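This report concerns only the one structure given below.
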Amino acid sequence: MNEDIKKQIQEVHAWLDKHVQVFVEPQAVTLSDFSVNWDEFSGDFRVALDAVELPFKLRFGLETSGETKFHLPMFHSPLGAPASYAAIELTPKTLAAIKHSLLMC
């Protein structure tokens with residue numbers, strides 16, 4: 001692998017370590033403030049972890065399989081890297097709680 005590419009990968013990882021918000025596993029996950037496009041069954045919603053609301057909304061929609069999917073906010077091409085990365089990190093249990101809640105709506 002080219003040394004310039006290795007250096008860029010290291011720089012991107014360092015940038016992500018600094019900018020990705022990491023959230024610890026909460027005791028409670030609350031979904032609220034839904035905006036829904038009923039024609040496409042897509043939209044967005046707010047998430048609170050232990051009553052602390054995240055400063056952005058998460059988007060959701062239907063997959064071609066009919067399953068409801070939600071999307072984390074993303075960084076697109078940080079430092080010119082040809083990739084996108086999640087801007088937040090949630091625990092697997094938190095992600096599962098959000099998915100389960102969406103299925104119950």
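Treat the numbers as computed from the prediction; the structure is a model and nothing was measured.
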From CD (Glu53) to OG (Ser32), nearest 0.5 Å: 5.0 Å
Joint hydrophobic cluster, Trp38 plus Leu102, side-chain heavy atoms closer than 4.5 Å: yes
Whether Ser101 side chain and Ala97 backbone form a donor-acceptor pair below 3.5 Å: yes
Any donor-acceptor pair under 3.5 Å from Asp50 side chain to Gln27 backbone: yes
Stepwise side-chain contact (heavy atoms from CB on, under 4.5 Å) test for Leu58 and Asp44: CA-CA 5 Å; Leu58 300 185; Asp44 55 33; over 6 Å; no
Show every donor-acceptor pair shorter than 3.5 Å between a side-chain atom in residues 10-24 and any protein atom, with sequence neighbours excluded, or say none if there are none.
unit_1, atom_1, unit_2, atom_2, d
Trp15, NE1, His19, ND1, 3.4
His19, ND1, Trp15, O, 2.8

Cluster link Phe56 to Leu31, ILVMFWY, side chain under 4.5 Å: yes
Non-hydrogen side-chain atoms of Pro73 and Lys57 separated by less than 4.5 Å: no
Hydrophobic cluster membership, Met74 vs Leu54, 4.5 Å side-chain cutoff: no
From CZ (Phe45) to CZ (Arg59), nearest 0.5 Å: 10.5 Å
Side-chain donor or acceptor of Ser77 paired with backbone N/O of Gly80 under 3.5 Å: no
Verify same cluster id: Ile88, Val52 (apolar side-chain graph, 4.5 Å): no
Non-hydrogen side-chain atoms of Phe60 and Ile98 separated by less than 4.5 Å: no
Side chain Lys69, main chain Lys99, donor-acceptor under 3.5 Å: no
Trace of the ring-ring contact (aromatic ring centres under 6.0 Å, His included) decision for Tyr85 with Phe75: CA-CA 5 Å; Tyr85 302 90; Phe75 292 125; 8.5 Å; no
